[in-house]
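Input: a single structure, listed below in structure tokens.
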Amino acid sequence: MIESTYRWKDGFPKIGIRPTIDGRRRGVRESLEVQTMNLAKAVARLLSEQLRYPNGEPVECVIADTCIGGVAEAAAAAKKFKTAEVGLTITVTPCWCYGTETMDTDPSLPKAVWGFNGTGRPGAVYLAAVLSAHAQKGLPAFGIYGEDVQDEGDDRIPADVQEKLLRFARSGLAVACMKDQAYLSMGSVSMGIAGSIVNDQFFQEFLGMRNEYIDMSEFTRRMEEGIFDPEEYEKAFAWVKDNCKEGSDNNPEHLQTSRERKDWEWETVVKMTLITRDLMIGNPRLAELGYREEAQGHHAIVSGFQGQRQWTDHAPNGDFMETILNSSFDWNGKRSPYMVATENDSLNGIGMLFGYLLTNTAQIFADVRTYWSPDSVERVTGHKLEGRAANGILHLINSGSATLDGTGEQMKDGKPAMKPFWEISDEEVENMLKATQWRPASVEYFRGGGFSTDYLTRGGMPMTMARLNLVKGLGPVLQIAEGYSVELPEHVHETLDNRTDPTWPTTWFVPNLTDNGAFTSVYDVMDNWGANHGVISYGHIGADLITLASILRIPVSMQNVPKEQIFRPRAWGLFGTEQAENADFRACANFGPLYK
């Protein structure tokens with residue numbers, strides 16, 4: 001059994017809080033020490049109370065030992081932060097400070113500055129000066145400035161400042177958590193899908209990650225040689241028999257396999273699940289069994305399984321394995337989901353990782369399969385779409401796997417949701433399992449068999465669909481579409497679903513329209529989507545994705561996030577304020593990848 005303490009044994013990056021101060025002694029600095037340090041403590045308290053690491057523990061903040069009034073104290077803070085494994089910094093001040101002497105100059109750390117809006121001391125003047133210095137030195141920083149003037153000595157954090165602090169911290173932590181981790185490519189390119197051509201330069205320069213590779217024959221070796229925990233396998237297989245209900249076989253009668261064959265396939269897919277997890281993070285139990293090298297794993301925070309076709313033409317598919325690992329529970333109980341991309345689509349895998357690190361929730365991997373216009377739905381089913389679906393719907397359906405969290409059987413405030421694992425109840429786990437059937441795989445697609453995940457996502461959930469694309473000469477580009485899952489009458493869903501494959505998991509999704517650009521219509525969203533896959537996250541997290549992308553210097557080509565929520569480094573405004581999307585492209589190109 002892999003416990004959470006083992007999986008996250010290396011710990012998490014911390015947030016460094018830098019209280020900066022006017023360095024002039026004999027009255028000026030002394031009068032500001034208490035207020036400045038209190039602001040730092042207030043920020044640390046806010047972040048630790050509101051944010052959680054993937055294991056559910058509160059985020060840790062490290063405050064500089066002293067206020068920073070000059071370069072010596074800035075260097076001392078940097079040294080402390082390095083020892084404490086700080087992954088991002090927030091500078092806070094209520095007063096004027098010496099910008100280039102007090103600023104954080106580590107080029108790899110995401111950084112923000114909160115300049116207190118007060119009239120007693122010019123914190124806003126320092127904010128403008130130090131952000132100018134960041135831009136001039138090529139070290140983009142986020143500027144935080146409250147709308148309302150506060151009284152001198154006030155250490156409260158206004159709501160608008162809190163929102164920006166939390167948005168920056170979530171995004172900066174995601175960047176820091178990815179750094180020095182690995183993407184594990186299990187197999188190679190699947191069916192010519194470009195996203196499964198793993199681009200190591202992108203991972204290295206934009207994400208600070210390394211790449212690991214295995215051939216799919218490693219699964220065969222580990223199964224044949226018994227390189228997995230036999231006790232956990234027995235526990236897992238018993239749990240699967242009790243909780244994973246097998247659905248009807250949709251294959252033509254002459255292609256249906258025997259009960260004996262299906263039983264062997266169940267045994268195989270459970271072993272594949274254990275093996276994939278062990279490949280990603282390692283397993284100390286393997287060392288006890290004599291497999292010390294295999295026990296180490298590949299230090300992978302995300303992975304992808306090629307499957308099709310070289311594996312699935314011969315052996316059971318990876319649908320069960322991908323679904324269970326991407327879910328927030330298994331036979332060992334509730335736990336952090338693992339990010340495993342279908343068809344080794346590494347770009348969608350990174351999109352899943354983005355969403356997961358921002359929310360601590362499971363992510364749905366799906367094909368952006370079909371746009372159904374209102375006329376087409378009415379022609380095929382006789383039903384007139386209405387409500388959120390009135391302008392058409394997108395059929396998001398993966399070829400056999402999707403996180404069980406995507407059923408929508410978790411509840412928040414009486415509505416369907418997807419929650420961090422520590423908020424999920426035992427009853428919700430049971431409901432997710434009851435809402436899912438494991439259908440014998442279509443052998444026309446998967447000659448080796450296996451079991452596909454069949455469920456229908458409940459409607460009414462706020463969701464964000466995202467896709468990372470690579471463009472020659474440009475580099476990575478992110479697309480974002482906020483919207484909602486919707487429910488259709490049962491006969492309408494069945495009619496539309498049967499035209500694709502009724503054994504696969506379906507989410508009916510409607511993006512929010514803005515009457516502009518790619519969001520003029522639902523058709524335009526589909527027509528402008530950059531690839532065959534997308535990642536679906538619970539909640540409207542587009543603003544956080546935009547902030548995260550700007551830290552990594554990844555431009556956003558398509559989004560429907562309200563303008564007032566968009567938060568990028570202050571230097572982006574120097575590339576133009578009227579057309580923020582174009583400025584984003586120019587700024588990202590100018591500053592270049594974070595780790596180059």
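Excluded from the calculations below are hydrogen atoms, water molecules and symmetry mates; all remaining heavy atoms, backbone and side chain alike, are included. Predicted, not measured: the structure shown is a model, and the values here were computed from it.
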Note to self: Check whether Asn55 reaches the backbone of Trp8 with its side chain - one donor and one acceptor, N or O, closer than 3.5 Å.
What the structure shows: no
Check: To the nearest 0.5 Å, how far apart are CG in Asp405 and OG1 in Thr361?
Finding: 8.0 Å
Margin query: Would Phe206 and Ile350 count as a side-chain contact (heavy atoms from CB on, under 4.5 Å) here? Give the steps.
Written below: CA-CA 11 Å; Phe206 283 89; Ile350 292 303; over 6 Å; no
Notebook entry, point to check: Can you say whether the rings of Tyr98 and Trp96 are parallel (under 30°), tilted (30 to 60°) or perpendicular (over 60°)?
Noted result: perpendicular
Next item on the list: Answer yes if the side chains of Asn560 and Thr514 hold a donor-acceptor pair under 3.5 Å, and no otherwise.
Entry: no
Notebook entry, point to check: Any side-chain heavy atom of Leu353 within less than 4.5 Å of one from Gln181?
Noted result: no
Checklist line | Spacing of Met209 atom CE and His299 atom NE2 [to the nearest 0.5 Å] | finding: 9.5 Å
Margin query: Return the CE to CG distance between Met418 and Leu404, rounded to the nearest 0.5 Å.
Written below: 10.0 Å
Notebook entry, point to check: What are the two closest heavy atoms between Cys97 and Ile21, and how far apart are they?
Noted result: SG-N, 3.4 Å
Notebook entry, point to check: Can you tell me how far the CD atom of Glu423 sits from the NZ atom of Lys334, to the nearest 0.5 Å?
Noted result: 11.0 Å
Next item on the list: Looking only at non-hydrogen atoms, find the nearest pair between Leu39 and Asp154 and report the distance.
Entry: CD2-O, 4.0 Å
Check: Do Asn512 and His540 come within less than 4.5 Å of each other through their side chains, counting heavy atoms only?
Finding: yes
Next item on the list: Look at the side chain of Glu163 and the backbone N and O of Ala159, then say whether any donor-acceptor pair between them is shorter than 3.5 Å.
Entry: no
Item checked: Neighbour count >12 (heavy atoms, 6.0 Å) for atom NZ, Lys41 -> no
Check: Salt-bridged, Asp413 to Lys415, with N to O below 4.0 Å?
Finding: no
Margin query: Is the shortest side-chain heavy-atom distance between Leu468 and Phe202 below 4.5 Å?
Written below: yes
Note to self: Using a 6.0 Å cut-off, check whether atom CD of Gln201 has over 12 heavy atoms from anything other than its own residue.
What the structure shows: no
Note to self: Please check: side-chain N/O of Arg7 versus main-chain N/O of Ser336, any donor-acceptor pairing under 3.5 Å?
What the structure shows: yes
Note to self: Tell me if the NZ atom of Lys82 is crowded by more than 12 foreign heavy atoms within 6.0 Å.
What the structure shows: no
Margin query: Quick one about Asn344 and Tyr183 (side-chain donor to acceptor, distance below 3.5 Å, no hydrogens or angles considered), yes or no?
Written below: yes
Checklist line | Asn348 to Ala466 - nearest heavy-atom pair and separation | finding: OD1-O, 4.4 Å
Next item on the list: May I ask you to decide if the ring planes of Trp572 and Phe591 are parallel, tilted or perpendicular, using 30° and 60° as cut-offs?
Entry: parallel
Next item on the list: Determine whether more than 12 heavy atoms belonging to other residues, nucleotides or ligands lie under 6.0 Å from atom CD of Glu427.
Entry: no
Check: What do the steps show when you test Phe142 against Phe567 for ring pair (Phe, Tyr, Trp, His ring centres under 6.0 Å), and what is the final call?
Finding: CA-CA 8 Å; Phe142 289 78; Phe567 188 39; 5.1 Å; yes
Notebook entry, point to check: Is it true that atom CD of Glu147 has more than 12 heavy atoms of other residues, nucleotides or ligands lying nearer than 6.0 Å?
Noted result: no
Note to self: Which heavy atom of Leu396 sits nearest to which heavy atom of Ile536, and what is that distance?
What the structure shows: CD1-CG1, 3.6 Å
Checklist line | From Lys164, Arg170, Arg568, residue fulfilling salt bridge (charged side-chain N to carboxylate O under 4.0 Å, His left out) relative to Asp544 | finding: Arg170
Notebook entry, point to check: Is there a side-chain contact between Gln363 and Ser537 (heavy atoms, below 4.5 Å)?
Noted result: yes
Notebook entry, point to check: Should Asn117 and Asp148 count as side-chain neighbours, where that means a heavy-atom distance under 4.5 Å?
Noted result: no
Next item on the list: Hey, could you give me the CD/CG distance between Glu49 and Leu166, rounded to the nearest 0.5 Å?
Entry: 10.5 Å
Margin query: Does Leu88 form a side-chain contact (heavy atoms from CB on, under 4.5 Å) with Phe168? I'd like the steps, not just the answer.
Written below: CA-CA 9 Å; Leu88 62 153; Phe168 168 76; 3.7 Å; yes
Check: Can Lys79 and Asp65 be counted as an ion pair, charged N to O under 4.0 angstrom?
Finding: no
Item checked: Atom pair CZ/CD of Phe203 and Glu212 - distance to nearest 0.5 Å -> 12.0 Å
Next item on the list: May I ask you to check whether over 12 heavy atoms, not counting those of Arg210, lie within 6.0 Å of atom CZ?
Entry: no
Margin query: Between Thr36 (side chain only) and Pro19 (backbone N and O only), is there a donor and an acceptor less than 3.5 Å apart?
Written below: no
Item checked: With Thr105 via side-chain hydrogen bond (donor to acceptor under 3.5 Å, both in side chains) - residues at least two apart -> none
Notebook entry, point to check: Which atom names give the shortest non-hydrogen contact between Val149 and Gly118, and what distance separates them?
Noted result: CG1-CA, 4.2 Å
Notebook entry, point to check: With a 4.5 Å heavy-atom cut-off, do Lys111 and Thr91 have their side chains touching?
Noted result: no
Check: Got Tyr213 and Asp200 here, is their nearest side-chain heavy-atom distance under 4.5 Å?
Finding: yes
Check: Do other residues, nucleotides or ligands put more than 12 heavy atoms under 6.0 Å from the CD atom of Glu85?
Finding: no
Notebook entry, point to check: Just wondering, do Phe81 and Asp106 contact through their side chains at under 4.5 Å, heavy atoms?
Noted result: no
Checklist line | Lys/Arg N to Asp/Glu carboxylate O, Asp104 vs Arg18, below 4.0 Å | finding: no
Notebook entry, point to check: Checking Thr577 side chain against Gly573 main chain: does a donor-acceptor pair fall under 3.5 Å?
Noted result: no
Item checked: From CA spacing to verdict: side-chain contact (heavy atoms from CB on, under 4.5 Å), Met432, Phe329 -> CA-CA 10 Å; Met432 286 185 272; Phe329 63 91; 3.6 Å; yes
Notebook entry, point to check: Counting N and O atoms only, with roles assigned by atom type, does the side chain of Tyr53 sit under 3.5 Å from a partner on the main chain of Glu60, one being a donor and the other an acceptor?
Noted result: yes
Item checked: More than 12 heavy atoms of other groups within 6.0 Å of Gln565 CD -> yes
Check: In terms of side-chain heavy atoms, does Thr102 have a donor or acceptor partner in Tyr126 at a distance below 3.5 Å?
Finding: yes
Next item on the list: Return the minimal non-hydrogen interatomic distance between Ala174 and Leu548, and the atom names on each side.
Entry: CB-CD1, 4.1 Å
Notebook entry, point to check: What's the verdict on side-chain contact (heavy atoms from CB on, under 4.5 Å) for Met37 and Ile63, showing C-alpha distance, side-chain angles and the deciding distance?
Noted result: CA-CA 9 Å; Met37 188 58 75; Ile63 302 175; 3.7 Å; yes
